[in-house]
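See below for the structure under consideration.
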Amino acid sequence: MHLPAHQKNLRILVTLSALAGLIYAVNLFNSPAQLPKTSEVRCDLNQQNCELIVGGRKVSLSLSPTPARSLTPLTFTARFEGRQPEKLWLDIQGDEMYMGLNQPQMTRSDNQWTATTELSVCTTGKMLWRATLVVVDADQEYQLPFYFEAQ
């Protein structure tokens, strides 16, 4: 079957447009988010308040009571120097094992944000947990991971 030139050109144009859209979508979803520059810190929330410098401002997270235990109410307290986030919540996960969804919303009082939650029981005994602060600022959203062990 032989197509007229204008139909061939239309097919080529449609194919190239679809390909360009696909390339754009792949690049959009595979591009890493532009996060604020974060200083690296290794800290145990059971031992002390943990601090990071993010985009020039200090962010700290604390946990009480310590040491953290499963099925015990735990209060997480975050503090931001300077400009406060619009919204803040925690995403608490087992670092090496899925332990269910645990995402308490943090509530603000002045420059302090708090949330209370409980950890599920791990059958292996002691476990490393990752409490990720999900920060929503006016112009971006980013995540700050903090670590602690619990039994």
Side-chain angles (χ1 to χ4, degrees), residues 12-151:
I12 291 171
L13 181 62
V14 168
T15 302
L16 288 176
S17 295
L19 184 58
L22 180 62
I23 290 170
Y24 174 78
V26 167
N27 285 330
L28 179 67
F29 290 112
N30 286 330
S31 296
Q34 295 297 317
L35 298 179
K37 185 170 175 58
T38 304
S39 59
E40 181 66 29
V41 64
R42 282 292 175 193
C43 179
D44 180 356
L45 282 170
N46 278 313
Q47 301 298 317
Q48 63 192 29
N49 294 346
C50 296
E51 296 180 349
L52 295 169
I53 304 298
V54 181
R57 72 179 164 181
K58 187 178 357 177
V59 179
S60 67
L61 184 66
S62 62
L63 168 66
S64 67
T66 57
R69 297 203 176 276
S70 299
L71 301 179
T72 301
L74 298 172
T75 300
F76 290 84
T77 303
R79 290 182 180 83
F80 286 75
E81 281 187 355
R83 182 175 47 91
Q84 297 297 302
E86 289 183 4
K87 189 175 180 182
L88 187 65
W89 72 90
L90 283 169
D91 180 19
I92 303 170
Q93 299 290 326
D95 193 51
E96 296 180 1
M97 180 186 307
Y98 179 72
M99 297 297 291
L101 190 62
N102 190 348
Q103 296 182 328
Q105 182 78 34
M106 300 193 83
T107 56
R108 180 180 171 193
S109 176
D110 295 322
N111 292 344
Q112 179 173 296
W113 298 74
T114 59
T116 301
T117 190
E118 292 182 8
L119 303 176
S120 55
V121 176
C122 178
T123 58
T124 63
K126 190 177 272 190
M127 181 171 166
L128 181 63
W129 291 84
R130 180 179 60 247
T132 302
L133 275 177
V134 181
V135 183
V136 178
D137 277 335
D139 56 346
Q140 62 187 336
E141 179 178 313
Y142 53 94
Q143 300 177 1
L144 305 172
F146 295 87
Y147 295 87
F148 64 98
E149 284 189 342
Q151 288 187 335

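Side chains included, hydrogens not; waters and symmetry mates left out as well; all remaining heavy atoms used.
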Test item: T116 side-chain N/O and T75 main-chain N/O as donor-acceptor pair under 3.5 Å: no
Compare every heavy atom of G94 with every heavy atom of M127, then report the nearest pair and how far apart it is. CE-CA, 3.1 Å
Result for side chain to side chain contact (heavy atoms under 4.5 Å, CB included) between I92 and one of T132, L101, L119 points to L119
Euclidean distance, D95 CG relative to L128 CG, rounded to 0.5 Å: 4.5 Å
Verify, without hydrogens or angle tests, whether R57 (side chain) and F80 (backbone) share a donor-acceptor contact under 3.5 angstrom. no
Identify the two heavy atoms, one from P65 and one from P73, that lie closest to each other, and give their separation to 0.1 Å. CD-O, 3.5 Å
CG/D139: more than 12 non-hydrogen atoms of other groups inside 6.0 Å: yes
Closest heavy-atom pair and its distance - N46, P67: OD1-CA, 3.2 Å
Closest non-hydrogen atom pair, F76 against A131: CE2-CB, 4.0 Å
Holding to side chain to side chain donor-acceptor pair (under 3.5 Å), I want the full list of residues that pass it with W113, two or more places apart in sequence or in another chain. Q84
With sequence neighbours excluded, what pairs up with N102 under the side chain to side chain donor-acceptor pair (under 3.5 Å) test? T117
Check: P85 main-chain N/O paired with R83 side-chain donor or acceptor under 3.5 Å: no
Quick one: does Y142's side chain get under 4.5 Å of V54's, heavy atoms only? yes
Applying side chain to side chain contact (heavy atoms under 4.5 Å, CB included), can you list everything that pairs with R79, at least two apart in sequence or on another chain? S60, S62, T77, Q112
Apply side chain to side chain contact (heavy atoms under 4.5 Å, CB included) to Q47 and list each qualifying residue two or more places apart in sequence or on a separate chain. D44
Go through the structure and list residues passing side chain to side chain donor-acceptor pair (under 3.5 Å) with Q103, not counting sequence neighbours. D91
Pairwise distance CG(L88) to CD(Q105) - rounded to 0.5 angstrom: 8.0 Å
Not counting sequence neighbours, which residues clear side chain to side chain donor-acceptor pair (under 3.5 Å) with E96? List them please. none
Identify the two heavy atoms, one from S70 and one from S120, that lie closest to each other, and give their separation to 0.1 Å. OG-O, 3.1 Å
Exercise: identify the closest heavy-atom pair between L61 and L45: O-CD2, 3.1 Å
Look up atom CG in L63 and atom SG in C50, then write down how far apart they are to the nearest 0.5 Å. 9.0 Å
With rounding to the nearest 0.5 Å, note down the distance linking CD in E51 to CD in E81. 8.0 Å
